[in-house]
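Here you go, one structure.
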Amino acid sequence: MPYEAELAHALLTVTRATLLTRRVFTSSTKGTLSKTDTSPVTIGDFGAQALIISSLRHAFPNDAIIAEEESSSLASNPTLTSEILSLVSSTSLSPEEEARLGGSIKDESQLLSLLDMGKSTGGPSGRVWALDPIDGTKGFLRGGQYAVCLALIEDGDVKVGVLGCPNLPLSDTAPLPTSAPDPDDASTGVLFSATLGGGASSRPLTHTSSKPQTDGVKTIHMHSLQPDNIPNATFCESVEAAHSSHSDSSAIAELLHIPLSQSVRMDSQAKYGSIARGAGDIYLRLPVPGKGYVEKIWDHAAGDLIVREAGGVVTDARGQNLDFGRGRRLEGNTGVVAAPQGVHDVVIKAVREVLEGKKDVDR
Ligand SMILES: Nc1ncnc2c1ncn2[C@@H]1O[C@H](COP(=O)(O)O)[C@@H](O)[C@H]1OP(=O)(O)O
Ligand SMILES: [Mg+2]
Ligand SMILES: [Mg+2]
Ligand SMILES: [Mg+2]
């Protein structure tokens, strides 16, 4: 199977990092800092990024990396740096698995230099890994959903995508969660993955060295929805109204005769994983007027491939494919609309009708 080695590595490194973030999630102190753009970052984000970059440098030394965080956000904070080092030094993987990932991080200076190895500018050619060590940091801090996201992009196309979603139910048939998860519940925690042309899968996040990662793997599919049954669809969107316009999504739902009670708000790329396994149907991310926000590739690459491989279509709000070959951001796209193949056209028509009806608004 093409990209088999890359997928196996991505699954293991995302597992190790997600288990680290879970330890921070359940701890009372998360070492939260505010970045220059005022968004939050925690020792969980830094720890997960350093571990994943370290393993990628070990296994694929010639590949470029684009990652969200950088060491300057730590603002030379020695207390937090040493907390992160102790966090990355404790592992629940076996010695063999640790060896596959290149082992642990030696000291603070290695930790800081690894954090800064995700500064590639990307572009239309070559291999680049896109990493979001914690997507949905606000959800992570609120006790809600978050995801550890890693994708391999080659010549602008996503070839491998893995999402670690520690707070989603393991069961593919469980409904979209609407309340805070119980992190101690053994039926919580799932990994989603896909390779281009190889389909999409889910598997348990719970990991012990005696339980290989091939245990519990299931192929996942979106619901096959047709225009006639759109009113039965469930849609999901960001919790944060600053990230996706809630008023536009309500207007679109009304046009499609989808009751608003069928909307679920959750943080992070857990939305992509949820619709890919049929625990929801449509993901709407609608530009907020006046913001001019350009989406980052690490917020979408893995989810885009997982949904497409599960039988969905992912475009921006104008119906254009997401273009991952334009650098660190999705410079050619605005918003995201992900839906099953059978209804994506109808959903885009409604999205355009609502957004174009407000053309006078700066967006
Ligand atoms: N104005 C914005 N519009 C859309 N997405 C945003 C905006 N500001 C931040 N984000 C990003 O949205 C992602 C979370 O999405 P969701 O709300 O669906 O969970 C985060 O990665 C966050 O980036 P950041 O890391 O800078 O906070
Ligand atoms: Mg993110
Ligand atoms: Mg993040
Ligand atoms: Mg962030």
Side-chain angles (χ1 to χ4, degrees), residues 1-15 17-18 52 56 59-60 63 66 127-132 135 145-166 168-173 189-205 207 212-224 236 268-283 285 295 297-315 321-325 330 336-341 344:
M1 187 191 73
Y3 299 97
E4 198 169 350
E6 288 86 348
L7 174 65
H9 186 86
L11 281 165
L12 192 58
T13 192
V14 167
T15 297
T18 310
I52 292 178
L56 292 175
F60 307 106
D63 289 353
I66 288 180
R127 276 168 58 112
V128 59
W129 293 86
L131 165 62
D132 191 339
D135 180 38
Q145 294 299 325
Y146 70 94
V148 177
C149 316
L150 182 64
L152 172 64
I153 299 165
E154 197 171 72
D155 300 334
D157 285 330
V158 190
K159 305 288 190 178
V160 178
V162 174
L163 293 177
C165 299
L168 276 184
L170 173 54
S171 163
D172 288 336
T173 53
V190 59
L191 281 171
F192 297 104
S193 62
T195 54
L196 187 63
S201 313
S202 73
R203 73 192 71 209
L205 170 68
H207 179 88
Q213 286 209 296
T214 44
D215 270 16
V217 181
K218 281 176 279 171
T219 300
I220 54 171
H221 301 284
M222 291 191 83
H223 275 154
S224 71
C236 51
S268 85
Q269 289 189 59
K271 292 186 277 296
Y272 282 111
S274 294
I275 64 165
R277 62 175 171 174
D281 301 293
I282 298 165
Y283 168 19
R285 190 176 191 85
E295 300 285 342
I297 64 169
W298 55 78
D299 283 326
H300 301 283
D304 169 89
L305 182 66
I306 290 165
V307 166
R308 289 187 291 115
E309 286 295 324
V313 178
V314 184
T315 66
N321 292 340
L322 303 188
D323 183 353
F324 292 94
L330 292 170
V336 176
V337 175
Q341 237 150 38
H344 187 269

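Values below: all heavy atoms of this structure, side chains included; hydrogens, waters and symmetry mates excluded.
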Pairwise distance NZ(K159) to CZ(F324) - rounded to 0.5 angstrom: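 The NZ atom of K159 sits 13.5 Å away from the CZ atom of F324.
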All pairs passing salt bridge (charged side-chain N to carboxylate O under 4.0 Å, His left out) where residues 301-312 contributes a residue, at least two apart: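 Those involving residues 301-312 are D304-R308.
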Minimum side-chain heavy-atom gap L11-S193 below 4.5 Å: yes
Partner residues of A270 under the side chain to side chain contact (heavy atoms under 4.5 Å, CB included) criterion, sequence neighbours left out: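 With sequence neighbours excluded, A270 shows a side chain to side chain contact (heavy atoms under 4.5 Å, CB included) to Q145, C165, L168, M266, S268, given in chain and number order.
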Closest non-hydrogen atom pair between A194 and L7, with its separation: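 Smallest heavy-atom distance, with atoms named: O-CD1, 4.5 Å.
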V14 versus L150, closest heavy-atom pair with distance: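 Shortest heavy-atom contact: CG2-CB, 3.8 Å.
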Check: E154 side chain, R127 main-chain N or O, donor-acceptor pair, under 3.5 Å: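 No.
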Residue pair H9, L56: steps toward the side-chain contact (heavy atoms from CB on, under 4.5 Å) verdict: CA-CA 8 Å; H9 186 86; L56 292 175; 4.0 Å; yes
Residues that W298 engages under ring-ring contact (aromatic ring centres under 6.0 Å, His included), provided they are two or more places apart: none
Within-4.5 Å side-chain heavy-atom neighbours: D135 and D299: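 Yes, close enough: below the 4.5 Å cut-off.
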Heavy-atom check, side chain of M1 versus side chain of T195, under 4.5 Å: yes
Residue list, side chain to side chain contact (heavy atoms under 4.5 Å, CB included) with H223, at least two apart or on another chain: D281
Shortest non-hydrogen contact from G164 toward T18: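 Minimum heavy-atom contact is CA-OG1, 3.9 Å.
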With F192 via ring-ring contact (aromatic ring centres under 6.0 Å, His included) - residues at least two apart: none
Close side-chain approach of V307 and I275, heavy atoms under 4.5 Å: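 The answer is yes, as the side chains (C-beta and beyond) meet within the 4.5 Å cut-off.
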Straight-line distance of T13 OG1 to I52 CD1, nearest 0.5 Å: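 Answer for the OG1-CD1 pair, T13 versus I52, is 5.0 Å.
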Pair E295, H300: side-chain N/O donor-acceptor within cut-off below 3.5 Å: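 A donor-acceptor contact under 3.5 Å links the two side chains.
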Side-chain heavy-atom pair P166, Y146 within 4.5 angstrom cut-off: yes
Closest approach of I153 to A130 (non-hydrogen atoms, all atoms of both residues): CD1-CB, 4.1 Å
Test item: V336 and Y272 side chains (from C-beta on) under 4.5 Å apart, heavy atoms: yes
V148 versus A17, closest heavy-atom pair with distance: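 For V148 and A17, the tightest heavy-atom pair comes out as CG1-CB, 4.3 Å.
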Counterpart residues, salt bridge (charged side-chain N to carboxylate O under 4.0 Å, His left out), relative to D172 (two or more places apart): K218, R277
Atom pair CG (L191) and CG (L163), whose distance is rounded to the nearest 0.5 Å: 9.0 Å
Minimum-distance pair of heavy atoms, taken over all atoms of G161 and I306: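 Looks like O-CD1, 3.9 Å.
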